[in-house]
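Here the structure comes first, spelled out in structure tokens, and everything after it is commentary.
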Number of protein chains: 4
Amino acid sequence: MPRRQDVSETRKNQILDAAMAVFARSGFHEARMDDIVQESGLSKGTLYWYFKSKEEIITAISQRLFATDIEQVEGLLRAEGTVSERLQQLIHDRIQGLQDMSGMVAILFEFYAVALHQDGVRQFIKAYFQNFHELLVALIEQGIERKEFRPVDALAAATALDAIFEGLIVRWLIDPEAVQWASLGQAAIRLLLDGLKQE
Amino acid sequence: MPRRQDVSETRKNQILDAAMAVFARSGFHEARMDDIVQESGLSKGTLYWYFKSKEEIITAISQRLFATDIEQVEGLLRAEGTVSERLQQLIHDRIQGLQDMSGMVAILFEFYAVALHQDGVRQFIKAYFQNFHELLVALIEQGIERKEFRPVDALAAATALDAIFEGLIVRWLIDPEAVQWASLGQAAIRLLLDGLKQE
Amino acid sequence: MPRRQDVSETRKNQILDAAMAVFARSGFHEARMDDIVQESGLSKGTLYWYFKSKEEIITAISQRLFATDIEQVEGLLRAEGTVSERLQQLIHDRIQGLQDMSGMVAILFEFYAVALHQDGVRQFIKAYFQNFHELLVALIEQGIERKEFRPVDALAAATALDAIFEGLIVRWLIDPEAVQWASLGQAAIRLLLDGLKQE
Amino acid sequence: MPRRQDVSETRKNQILDAAMAVFARSGFHEARMDDIVQESGLSKGTLYWYFKSKEEIITAISQRLFATDIEQVEGLLRAEGTVSERLQQLIHDRIQGLQDMSGMVAILFEFYAVALHQDGVRQFIKAYFQNFHELLVALIEQGIERKEFRPVDALAAATALDAIFEGLIVRWLIDPEAVQWASLGQAAIRLLLDGLKQE
DNA sequence: AATGAATGAGGATTCATTCAT
DNA sequence: AATGAATGAATCCTCATTCAT
């Protein structure tokens with residue numbers, strides 16, 4: 001009967017799901033524990049049975065949100081196709097991901113803001129950034145090896161790429177009309193990629 | 001007697017300076033009005049004499065922080081030198097500006113987060129972004145006209161440039177070691193600029 | 001206009017008076033801050049403006065309750081009459097004092113219990129005991145000098161006297177009928193005093 | 001199969017032992033049921049299987065703590081030796097008892113405080129006091145009969161004796177250094193006994 | 001008998017804002 | 001203009017107790 005084993009895991013997820021929904025709707029500070037209680041369908045006591053404070057819930061969500069999918073990353077490195085194509089694919093996937101969870105993106109900044117005061121959160125985000133960054137470095141190096149790209153500074157190029165990506169998100173959240181992902185966003189990123197290519 | 005006016009202006013600045021310091025240190029929500037009172041050296045009553053709520057203080061700071069210096073912008077468009085040089089200069093100035101107020105940069109995220117819930121704040125930031133963006137577009141177009149740059153999509157190029165800039169700030173705040181402005185940051189930006197140049 | 005000077009002192013006393021009444025009625029733990037608020041006629045905010053926690057109120061009361069009246073003590077040492085008479089007087093006064101505040105005596109044990117976990121409280125009580133003890137020692141030594149008393153161990157005699165006193169209070173609180181102060185209590189204490197006298 | 005019964009008894013004792021330890025450490029109100037659960041090594045459900053509330057545990061402990069050992073008492077009345085010797089012995093035994101459970105003595109005050117609000121507890125303590133008191137009365141009367149003591153008021157003398165004893169405990173708990181049982185405590189008690197003796 | 005997850009009423013404390021002076 | 005004491009609604013969290021298994 002291992003059915004009972006993971007009630008605990010189920011409950012935690014139930015709580016985190018509810019919390020994310022509430023946070024996305026109201027922001028961290030406007031969100032009341034009671035809202036999460038209601039959204040989750042559990043009781044207040046149960047919430048505190050699994051997480052000992054609101055802060056702990058926030059941290060847990062950040063952990064989940066900024067979890068890095070190593071498999072996907074490794075897969076991409078060994079996948080077929082030109083590096084350029086795979087970079088495009090990677091970026092496309094990420095944009096897709098953002099749009100899928102567009103309701104949640106709003107809390108991204110809440111997390112960035114929290115990160116500056118709560119180190120646990122900062123670490124998760126940092127790891128996430130690093131991970132993405134390293135993947136880009138590896139891909140770009142592959143591109144240089146294969147003579148697809150000019151022998152640029154891979155580190156700088158990767159830094160530029162993930163900065164551009166992150167920057168577009170910022171701009172998008174503040175001014176959605178200014179960043180039409182399908183057109184302008186893609187074009188901006190392509191511009192950089194084109195600069196890398198071997199003429 | 002325009003001196004009267006000044007006292008009022010002085011007080012407001014005194015309050016906003018104090019508030020910025022406190023906000024940068026603790027974030028908007030952890031910051032207590034009492035903290036600002038203490039930091040400012042004024043009394044609680046005086047605070048509320050000049051600003052009728054915490055929100056109003058936040059809005060006032062965002063207005064100040066995201067004020068656009070039209071003069072500087074226009075000047076840059078008419079300045080001497082190659083477009084490339086002037087872009088480098090612009091970026092260099094901004095990095096300098098960031099580093100000068102490095103303690104304050106932390107509140108940037110607070111504002112971004114707030115912007116999603118408070119439209120007044122969003123408008124200031126949006127205008128600021130747009131302004132910078134338009135300047136970049138104009139400069140790049142100038143570069144294209146003068147044959148310094150290839151005939152790229154100026155809009156996309158500007159979008160890429162300001163995204164890269166904003167993205168580097170995000171990364172920097174979360175992981176300061178990862179972004180050494182003087183080296184990596186500059187290199188990343190130059191990479192993009194190089195891509196624009198006429199070969 | 002010094003009228004305003006001691007609003008602060010007035011408020012604090014107002015709060016402590018209310019708190020004592022409530023504590024005597026309900027005990028420390030049953031007493032709700034709201035009860036004190038109501039009893040004091042002030043607002044919750046005001047309570048917390050003057051005392052930053054329930055614990056602080058308890059400590060402040062203990063300080064007030066176990067304050068030692070040095071003047072009275074010194075006076076007694078220089079007063080006229082035989083030492084024996086003055087000891088009787090001292091004890092009589094204390095019994096009187098207890099009976100006057102009989103409603104409050106109930107919280108004595110609350111304080112003793114708290115003292116074991118809260119050092120601030122313990123110190124006040126300790127000082128109070130020591131003060132009373134030293135007075136007894138001085139009086140008994142005076143009695144020995146004046147040949148009213150036998151050359152007993154003044155320290156031991158004083159210890160016995162204040163122990164007997166404290167012990168009677170304990171017994172009284174648990175079993176009021178068993179200790180009729182006017183008769184049995186006095187008799188018990190006199191018995192000890194008689195043992196001290198020069199035959 | 002009376003062994004069953006024993007398990008039940010064992011469990012109850014296990015719980016009460018744990019509860020006493022926790023109560024002595026933290027006081028009744030700071031002590032959490034969870035602390036007792038942990039200390040006992042049992043589960044929360046089991047605790048509530050044997051005692052239906054925290055109050056019931058407290059009452060059970062008071063019953064245990066203030067149980068009167070009739071046998072010992074009766075024995076002492078019929079024992080050999082002078083009354084004075086036996087009183088000394090009695091007091092010595094009690095002091096010994098206190099010192100053996102010195103860690104637990106702290107909860108004495110908790111019980112005294114509780115007694116004022118919870119009548120069940122008060123009755124146990126009252127009976128305990130009365131029992132001790134009656135024993136003292138009987139012993140002193142024996143002493144008077146046997147001409148060991150002066151024809152004092154036995155009731156008053158006994159009251160004085162148990163008050164002194166209880167008072168010393170109070171003083172000791174608040175200020176351990178002030179009451180060195182072996183010296184000062186004994187001396188104080190002896191002083192009273194000496195006063196009773198036939199010259 | 002035993003477990004421990006679940007409950008929710010209850011309580012201490014905070015803090016933006018007001019207002020008499 | 002300036003002060004700072006006063007307010008009280010709002011909120012997080014605790015913890016004794018229950019109950020399905």
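- Of the options A:Leu65, A:Leu116, A:Val114, A:Ile61, a side chain to side chain contact (heavy atoms under 4.5 Å, CB included) to A:Val121 is made by A:Val114 and by none of the others.
- At the heavy-atom level, D:Lys52 lies nowhere under 4.0 Å from the strands shown.
- Between B:Arg122 and B:His117, every side-chain heavy-atom pair lies at or beyond the 4.5 Å cut-off.
- No donor-acceptor distance shorter than 3.5 angstrom exists from the side chain of B:Ser26 to the backbone of B:Phe23, with no hydrogens or angles considered.
- Residue A:Ile57 contributes atom CD1, which lies 11 Å from atom C1' of F:dC12 at whole-angstrom precision.
- Taking every heavy atom of both residues into account, C:Val37 and C:Leu42 meet most closely at CG1-O, 3.3 Å.
- Within the 4.5 Å cutoff, the side chain of C:Ile57 has no heavy atoms near those of the C:Lys54 side chain.
- Note: CD (C:Gln14) to P (F:dA5) measures 15 Å, nearest angstrom.
- Atoms NZ (C:Lys54) and C1' (E:dG10) sit 12 Å apart, rounded to a whole Å.
- Side-chain atoms of D:Asp35 come within 3.5 Å of backbone atoms of D:Arg32 as a donor-acceptor pair (strictly under, hydrogens ignored).
- Inter-residue side-chain proximity for D:Val170 and C:Tyr112 is flagged as met; some heavy-atom pair is nearer than 4.5 Å.
- Remark: C1' of F:dA5 and CD1 of C:Ile15 are 12 Å apart, rounded to the nearest angstrom.
- Aromatic ring centroids of A:Phe28 and A:Phe111 lie under 6.0 Å apart.
- Rounded to an integer number of Å, the gap from D:Phe51 CZ to E:dA2 C1' is 16 Å.
- Contact check of residues 24-37 of chain C against DNA chain E (heavy atom, cut-off under 4.0 Å) returns C:Ala31, C:Arg32, C:Met33.
- Contacts between residues 38-50 of chain A and DNA chain F, counted as heavy-atom distances below 4.0 Å, involve A:Lys44, A:Tyr48.
- Pair assignment for F:dC12: E:dG11, on the basis of Watson-Crick or G-U wobble contacts that are both within less than 3.5 Å.
- Taking a pair to require two hydrogen-bonding distances under 3.5 Å in either a Watson-Crick or a G-U wobble arrangement, F:dT18 pairs with E:dA5.
- For A:Tyr128 and A:Phe66, the ring centers sit closer than 6.0 Å to each other.
- A residue-by-residue look at B:Arg11 and D:Glu55 shows that B:Arg11 has its nearest nucleotide of DNA chain F further toward the 5' end.
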